[in-house]
Amino acid sequence: MFTLQALIFERMKMYNFNSGPAVLPAEVLQQASEAVINFNDLGLSILEIGHRTDWFVKVVEEGRSLIKELMQLDDSYEVLYLHGGATTQFMQVPMNLLDTNETAAYCDNGIWGSKAIKEAQLFGNVHVACSSKDRNHTYIPRELSVPQHSKYLHYTTNNTVEGTQWQFIPEANVPLVADMSSDIFSREFPFSKFSLIYAGAQKNAGAAGVTILIVKKDMLGKIQRKIPPIMDYTKHIEANSLLNTPPVFAVYVSMLTLRWVKKEGGLAEMERRTNERADLFYNTLDSLNAFIGKTDKRDRSLMNATFTTQNPELETLFLDECKQNGMVGVKGHRSVGGLRVSMYNALPLSSVKVLCDLMKDFDRRHG
Ligand SMILES: *Cc1c(COP(=O)(O)O)cnc(C)c1O
């Protein structure tokens, strides 16, 4: 097995801009790999202990309390580890919160939000509060219409695919529900303004396989619909997030990742790094002729930057050069094309520097 030093050295040759699953801190990988062989010096693997053992219950409890602590949430909130990715929440949220004859407002600002709308329509009435479809979701609308009787307003805080991010919290006199899959834990944020938050862990909070869900208890138990127990938030809360076998390894890696976030200085420090990476990248982008950003400047995502080459023919060439230089994950999402770099918490600033240097050099040759 790699020592931590050797692992860090090995990883210095790769610059990981993947959008998710994405870069993780080296020490989290090292701790996780050790736990696969010998968890807590038990002589057993994390993969071979029961999820109801004291050993694993402690992992779940530490993870849930780290989430609450980092987000500064009080006991009116519950934290759950759920299965099925953020995608499952597109149906599970309305299944739990929205009765057939009720209305929920949804923002249509990208591929993930659009999917959430389609699924919510299976459970109740959906009012589209705002849409950026007219310009391929390259901006965040400023005008919202939220019917007063809406059960909640749902939006995606960061649009992973299109590269936009809400830099403000929408005004609405109804409970806020947010998909924070790709920017959770990236900045200090007034999380307590939200009634429900969900995020797949594989972008900024760990490994694929677990979804983090935070819900304000007063949102629950208010609908008539019968819900299958495995889909019912209340049942998961009663079972302390151990209703059935959780994805134990993903829960463990997520807990380790949040331990790392806390140790590094919490969300204030994550925000400082987020801004540092994004400033470097966007300042470079804006100074070059060979590349153009795809989104409105004021709505740019600090996590996922989308751009293209001024001359479309140069895109493949640039991607080839990225590959030759150890940079992975620079290709845009298959639905929108172009280029995208994801700059999550564990991405070192040095990776962004290397990319920016390549972009400058490319610009000198082709700009
Ligand atoms: C990746 C992503 C999803 C989908 O997550 P899965 O875990 O693959 O279901 C949903 N919403 C956002 C904002 C995402 O970035």
Side-chain angles (χ1 to χ4, degrees), residues 16-24 80-95 106-120 122 130-133 136-140 152-167 169-170 176-187 189 191 194 196-214 230-231 246-247 249-251 253-254 257 274 278 294-295 299-306 329 331-336 338 340-347:
N16 184 353
F17 299 99
N18 278 320
S19 58
V23 59
L24 285 165
L80 297 174
Y81 287 123
L82 300 175
H83 294 270
T87 302
T88 297
Q89 295 313 311
F90 297 164
M91 74 164 162
Q92 201 169 353
V93 166
M95 194 187 280
Y106 275 70
C107 298
D108 180 15
N109 300 133
I111 177 173
W112 297 119
S114 303
K115 283 183 196 235
I117 289 173
K118 282 215 186 79
E119 304 223 1
L122 301 172
C130 65
S131 173
S132 48
K133 233 185 194 157
N136 294 325
H137 300 306
T138 54
Y139 70 104
I140 299 293
Y152 58 86
L153 171 69
H154 176 284
Y155 77 109
T156 314
T157 47
N158 181 69
N159 295 294
T160 328
V161 171
E162 296 81 1
T164 61
Q165 184 176 31
W166 287 73
Q167 305 300 354
I169 295 178
L176 291 175
V177 171
D179 175 357
M180 297 195 187
S181 291
S182 50
D183 66 353
I184 194 166
F185 306 123
S186 68
R187 55 182 172 176
F189 202 66
F191 294 103
F194 292 77
L196 189 148
I197 294 165
Y198 60 92
Q202 72 271 24
K203 276 136 193 171
N204 212 21
V210 69
T211 308
I212 294 167
L213 185 117
I214 297 113
I230 195 65
M231 286 289 127
F249 190 59
V251 168
V253 174
S254 175
T257 306
T274 294
K294 289 178 86 171
T295 58
D299 301 323
R300 281 172 165 175
S301 166
L302 305 182
M303 296 272 101
N304 314 95
T306 52
K331 202 175 165 67
H333 189 268
R334 61 198 144 79
S335 65
V336 296
R340 170 179 58 175
V341 291
S342 298
M343 302 178 281
Y344 298 121
N345 282 349
L347 184 78

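Side chains included, hydrogens not; waters and symmetry mates left out as well; all remaining heavy atoms used. Ligands are counted one by one from 1 in listed order, and the atoms in each one are counted from 1 as well. Bear in mind that the values here come from a model prediction, so they are computed numbers and not experimental data.
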Would you check, one step at a time, whether the test side chain to side chain contact (heavy atoms under 4.5 Å, CB included) holds for Tyr152 with Phe194? CA-CA 10 Å; Tyr152 58 86; Phe194 292 77; over 6 Å; no
For the pair Ile197 and Phe189, evaluate side chain to side chain contact (heavy atoms under 4.5 Å, CB included) and give the outcome as yes or no after the intermediate values. CA-CA 12 Å; Ile197 294 165; Phe189 202 66; over 6 Å; no
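Every residue two or more places apart in sequence or in another chain that forms a side-chain hydrogen bond (donor to acceptor under 3.5 Å, both in side chains) with Ser114 is listed here: Asp108.
Side chains of Ser301 and Asn158: a donor on one and an acceptor on the other come within 3.5 Å. A donor and an acceptor atom, one from each side chain of Asn304 and Thr160, are nowhere located under 3.5 Å apart.
Here the closest heavy-atom approach between residue Lys203 and residue Ala22 is recorded as O-CB, 3.9 Å.
Every protein residue with a heavy atom nearer than 4.0 Å to ligand 1 is included here: Gly85, Ala86, Thr87, Phe90, Trp112, Thr156, Asn158, Thr160, Asp179, Ser181, Ser182, Gln202, Lys203.
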